[in-house]
Amino acid sequence: MLKLLLSQEDYEVVTAVTCEEALQLATEREFDLYVMDRRLPDGSGLQLCQDLAKATPGVPCIFYSGDAYEMHRQEAMAAGAVAYVPKPDVEGLIEAVHKLLSERECAAA
């Protein structure tokens, strides 16, 4: 669903189901932004965020998760996330993606 919604906003979206797949893709391609959940089939989104930060420094990470307590947001931010959007706030996620990618474009210009 998120791939469809973000694609409708003219973003190119690549999906990974597991931490392993996400790390593999991150080493093979360049990404402008990562969006992930805290809970993944083969591990923790928190650990994945840290691993991606090491593998691809400077690429921001947004968490989009059903874990909506303040402590969850703080844990994600401590792991390196730049934003934490609780599900089901799809509009909030799209806004966060747009804001971060706009800031990156301005910084690159």
Side-chain angles (χ1 to χ4, degrees):
M1 179 182 86
L2 287 178
K3 181 176 183 174
L4 176 65
L5 291 170
L6 290 169
S7 295
Q8 289 175 345
E9 297 290 325
D10 289 330
Y11 294 116
E12 180 183 348
V13 179
V14 176
T15 59
V17 176
T18 65
C19 295
E20 181 180 352
E21 184 182 3
L23 286 168
Q24 180 69 35
L25 285 167
T27 61
E28 296 172 354
R29 300 181 60 170
E30 279 190 40
F31 293 96
D32 296 315
L33 172 70
Y34 302 117
V35 177
M36 68 187 66
D37 200 336
R38 284 177 44 94
R39 299 170 192 239
L40 300 168
D42 64 339
S44 161
L46 298 173
Q47 184 62 53
L48 177 58
C49 182
Q50 293 171 338
D51 293 344
L52 288 169
K54 289 177 191 168
T56 56
V59 179
C61 173
I62 296 175
F63 275 84
Y64 183 62
S65 180
D67 295 337
Y69 292 110
E70 178 61 20
M71 66 181 240
H72 297 132
R73 189 191 71 76
Q74 290 175 359
E75 289 171 347
M77 301 307 259
V82 296
Y84 192 94
V85 181
K87 290 179 181 176
D89 186 3
V90 175
E91 288 300 318
L93 176 64
I94 292 170
E95 288 174 21
V97 167
H98 181 69
K99 180 179 182 241
L100 281 168
L101 291 179
S102 295
E103 289 171 359
R104 287 179 59 87
E105 286 176 13
C106 289

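As a basis for the values below, the full set of heavy atoms in this structure was taken, side chains included, without hydrogen atoms, waters or symmetry mates. Throughout, residue positions are numbered sequentially from 1 according to the sequence presented.
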| query | Side-chain contact, heavy-atom cut-off 4.5 Å: Tyr34 with Leu48? | reply | no

| request: Could you grab the distance from atom SG of Cys49 to atom NZ of Lys54, nearest 0.5 Å is fine? | output: 11.0 Å

| message | Would you say that more than 12 heavy atoms from the other residues, nucleotides or ligands in this model lie under 6.0 Å from the CD of Glu12, or not? | response | no

| task | Any chance you could measure Gln47, atom CD, to Asp42, atom CG, to the nearest 0.5 Å? | result | 11.5 Å

| said: If you compare all heavy atoms of Lys3 against all heavy atoms of Ser7, which two are closest, and at what distance to 0.1 Å? | reply: O-OG, 2.7 Å

| Same hydrophobic cluster for Leu40 and Leu46, using side-chain heavy-atom links shorter than 4.5 Å among ILVMFWY? | yes

| field | Pair Glu95 + Lys99, salt bridge at N-O below 4.0 Å | value | no

| query | Among all residues two or more places apart in sequence or in another chain, which pass the side-chain contact (heavy atoms from CB on, under 4.5 Å) test with Asp32? | reply | Leu101, Arg104

| said: Counting neighbours of CD on Glu20 that are heavy atoms of other residues, nucleotides or ligands and sit closer than 6.0 Å, is the number greater than 12? | reply: no

| query | For the atom pair CD (Glu75) and CD (Glu70), what is the distance rounded to the nearest 0.5 Å? | reply | 10.5 Å

| Is the shortest heavy-atom distance from the side chain of Tyr11 to the side chain of Val97 under 4.5 Å? | yes

| Is there a path of hydrophobic side-chain contacts, each under 4.5 Å between heavy atoms of I, L, V, M, F, W or Y residues, that connects Leu2 with Leu33? | yes

| Over all atoms of both residues, closest heavy-atom pair of Leu25 and Phe31 | O-CE1, 3.5 Å

| request: Report whether Met36 and Val85 are members of the same hydrophobic cluster (ILVMFWY, side-chain heavy atoms less than 4.5 Å apart, transitive linking). | output: no

| task | For the residue pair Met1 and Val90, establish whether any side-chain heavy-atom pair is separated by less than 4.5 Å. | result | yes

| Donor-acceptor pair, Thr27 side chain versus Gln24 backbone, under 3.5 Å? | yes

| So which heavy atom on Pro60 is nearest to which on Gly58, and how close? | CD-O, 3.3 Å

| query | Is the number of heavy atoms from other residues, nucleotides or ligands within 6.0 Å of CD (Glu30) greater than 12? | reply | no

| field | From Ser44 atom OG to Gln50 atom CD, the distance as rounded to the nearest 0.5 Å | value | 7.5 Å

| request: Evaluate the side-chain proximity of His72 to Arg38: yes if any heavy-atom separation is below 4.5 Å, no if none is. | output: yes

| message | Is the shortest side-chain heavy-atom distance between Phe63 and Arg73 below 4.5 Å? | response | no

| query | Can you get from Ile62 to Val13 by hopping between Ile, Leu, Val, Met, Phe, Trp and Tyr side chains that sit under 4.5 Å apart? | reply | yes

| said: Applying a strict under-4.5 Å side-chain criterion to I, L, V, M, F, W and Y, I'd like to know whether Val82 and Leu52 cluster together. | reply: no

| What is the distance from atom OH of Tyr84 to atom CG of Asp67, rounded to the nearest 0.5 Å? | 5.0 Å

| query | Do you know the tightest heavy-atom contact between Thr15 and Glu21? | reply | O-OE2, 3.8 Å

